[in-house]
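Take a look at the structure below.
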Amino acid sequence: MMYQTLTFLHSVFRWLVLFSLVYSIFSAWKGYSAGKEFSDRDNSLRHWTATIAHIQLVLGITLYSQSPLIKYFWKNFNQAKASFELIFFGLIHIGLMLTAIVLITIGSSITKRKKNDGEKFRMMLVYYSIALVIIFLAIPWPFSPLANRPYFR
């Protein structure tokens with residue numbers, strides 16, 4: 001029951017992560033290109049995007065530790081490494097997602113500390129954009145040739 005709940009929450013929460021990242025990137029691009037002031041609203045958006053990503057990270061790590069697929073992968077590594085889907089979920093997905101979360105965290109931290117408004121927007125735009133690309137690659141979309149899952153579980 002816990003595994004199913006975690007799977008559902010992780011699946012639903014990805015949409016919040018994607019929405020917040022896309023919205024943050026759009027806002028940062030708009031602010032940077034228009035030379036706007038980095039407002040309290042922009043700072044809140046930076047903060048909440050990172051927070052949402054960190055909540056998803058906690059859900060993902062908890063799900064990883066409970067997954068029968070992952071348990072099988074690590075117990076039977078020599079046989080499991082022949083299955084790309086097992087390698088994807090056992091190593092690739094978690095590795096890419098951890099990388100994306102690190103980039104979001106670094107980007108948020110750098111953005112917070114920059115003095116210049118343009119630099120704040122630029123840092124948020126660059127780090128969040130790279131993280132979004134990595135996340136898009138690591139999500140098991142229904143159409144993905146790497147590993148696929150439904151849009152909602």
Side-chain angles (χ1 to χ4, degrees), residues 1-29 38-114 120-153:
M1 182 68 171
M2 181 179 164
Y3 175 72
Q4 292 171 335
T5 303
L6 285 169
T7 301
F8 173 77
L9 290 172
H10 190 65
S11 176
V12 170
F13 220 80
R14 78 171 146 179
W15 296 106
L16 294 173
V17 172
L18 291 172
F19 175 76
S20 67
L21 269 174
V22 168
Y23 189 67
S24 292
I25 290 166
F26 175 74
S27 181
W29 172 78
F38 196 84
S39 67
D40 287 341
R41 182 190 153 285
D42 296 312
N43 193 50
S44 288
L45 185 58
R46 172 205 56 82
H47 169 76
W48 281 107
T49 297
T51 300
I52 290 167
H54 286 112
I55 293 169
Q56 178 71 331
L57 173 66
V58 170
L59 288 170
I61 288 174
T62 307
L63 180 61
Y64 189 86
S65 72
Q66 299 299 311
S67 171
L69 190 75
I70 301 305
K71 288 177 184 177
Y72 175 84
F73 176 75
W74 288 113
K75 282 184 182 174
N76 304 288
F77 183 76
N78 287 331
Q79 295 84 20
K81 67 183 179 185
S83 167
F84 187 77
E85 184 170 333
L86 289 173
I87 290 173
F88 178 81
F89 287 108
L91 297 173
I92 296 170
H93 178 72
I94 193 167
L96 289 175
M97 291 302 188
L98 285 171
T99 301
I101 298 298
V102 166
L103 287 170
I104 290 168
T105 304
I106 291 170
S108 177
S109 180
I110 290 172
T111 299
K112 181 177 167 180
R113 286 163 177 71
K114 288 289 181 183
K120 288 181 180 199
F121 283 122
R122 189 170 74 83
M123 289 295 103
M124 198 163 99
L125 178 62
V126 169
Y127 279 91
Y128 284 16
S129 294
I130 294 169
L132 182 62
V133 169
I134 292 169
I135 289 170
F136 269 130
L137 292 172
I139 289 176
W141 298 104
F143 53 83
S144 174
L146 303 176
N148 50 50
R149 295 289 186 267
Y151 289 115
F152 291 99
R153 294 204 42 182

Is [X] reaching over with its side chain to a backbone N or O of [Y], donor-acceptor style, under 3.5 angstrom?
X   : Y   : value
S11 : T7  : no
S67 : Y64 : no
H47 : N43 : no
D42 : S39 : yes

Would you say that [X] contacts [Y] through its side chain, given a criterion of any heavy-atom pair below 4.5 Å between the two side chains?
X    : Y    : answer
K81  : N78  : yes
S83  : F73  : no
L57  : L98  : yes
H54  : T105 : yes
I139 : L18  : yes

Stepwise side-chain hydrogen bond (donor to acceptor under 3.5 Å, both in side chains) test for R46 and T111: CA-CA 8 Å; R46 172 205 56 82; T111 299; 6.0 Å; no

Supply the atom-to-atom distance [X] [atom1] to [Y] [atom2], rounded to the nearest 0.5 angstrom.
X    : Y    : atom1 : atom2 : answer
L125 : I130 : CG    : CD1   : 9.5 Å
L21  : L16  : CG    : CG    : 11.0 Å
S65  : L6   : OG    : CG    : 8.0 Å
L63  : Y3   : CG    : OH    : 5.5 Å
Q79  : L86  : CD    : CG    : 11.0 Å
K120 : K114 : NZ    : NZ    : 10.5 Å

Heavy-atom closest contact ([X] atom, [Y] atom, distance):
X    : Y    : value
Q56  : H10  : NE2-O, 3.0 Å
A100 : A131 : O-CB, 3.6 Å
G90  : I94  : O-CG2, 3.7 Å
T49  : L45  : OG1-O, 2.8 Å
Y128 : S24  : CD2-CB, 3.7 Å
A53  : I104 : CB-CD1, 3.9 Å

Can you tell me how the ring of H93 sits relative to the ring of F88, calling it parallel under 30°, perpendicular over 60° and tilted otherwise?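 Taking F88 first and then H93, their aromatic rings sit tilted (interplane angle of 30° to 60°).
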
Run F38 and F121 through ring pair (Phe, Tyr, Trp, His ring centres under 6.0 Å) and show every step you take. CA-CA 7 Å; F38 196 84; F121 283 122; 5.0 Å; yes

So with a 6.0 Å cut-off around [atom1] of [X], is the heavy-atom count from everything else above 12?
X    : atom1 : value
K112 : NZ    : no
F77  : CZ    : yes
F84  : CZ    : yes

Please walk me through it: do R14 and I135 pass side chain to side chain contact (heavy atoms under 4.5 Å, CB included)? CA-CA 10 Å; R14 78 171 146 179; I135 289 170; over 6 Å; no

Run the numbers on S27 and R41 for side chain to side chain contact (heavy atoms under 4.5 Å, CB included), then give the verdict. CA-CA 10 Å; S27 181; R41 182 190 153 285; 3.9 Å; yes

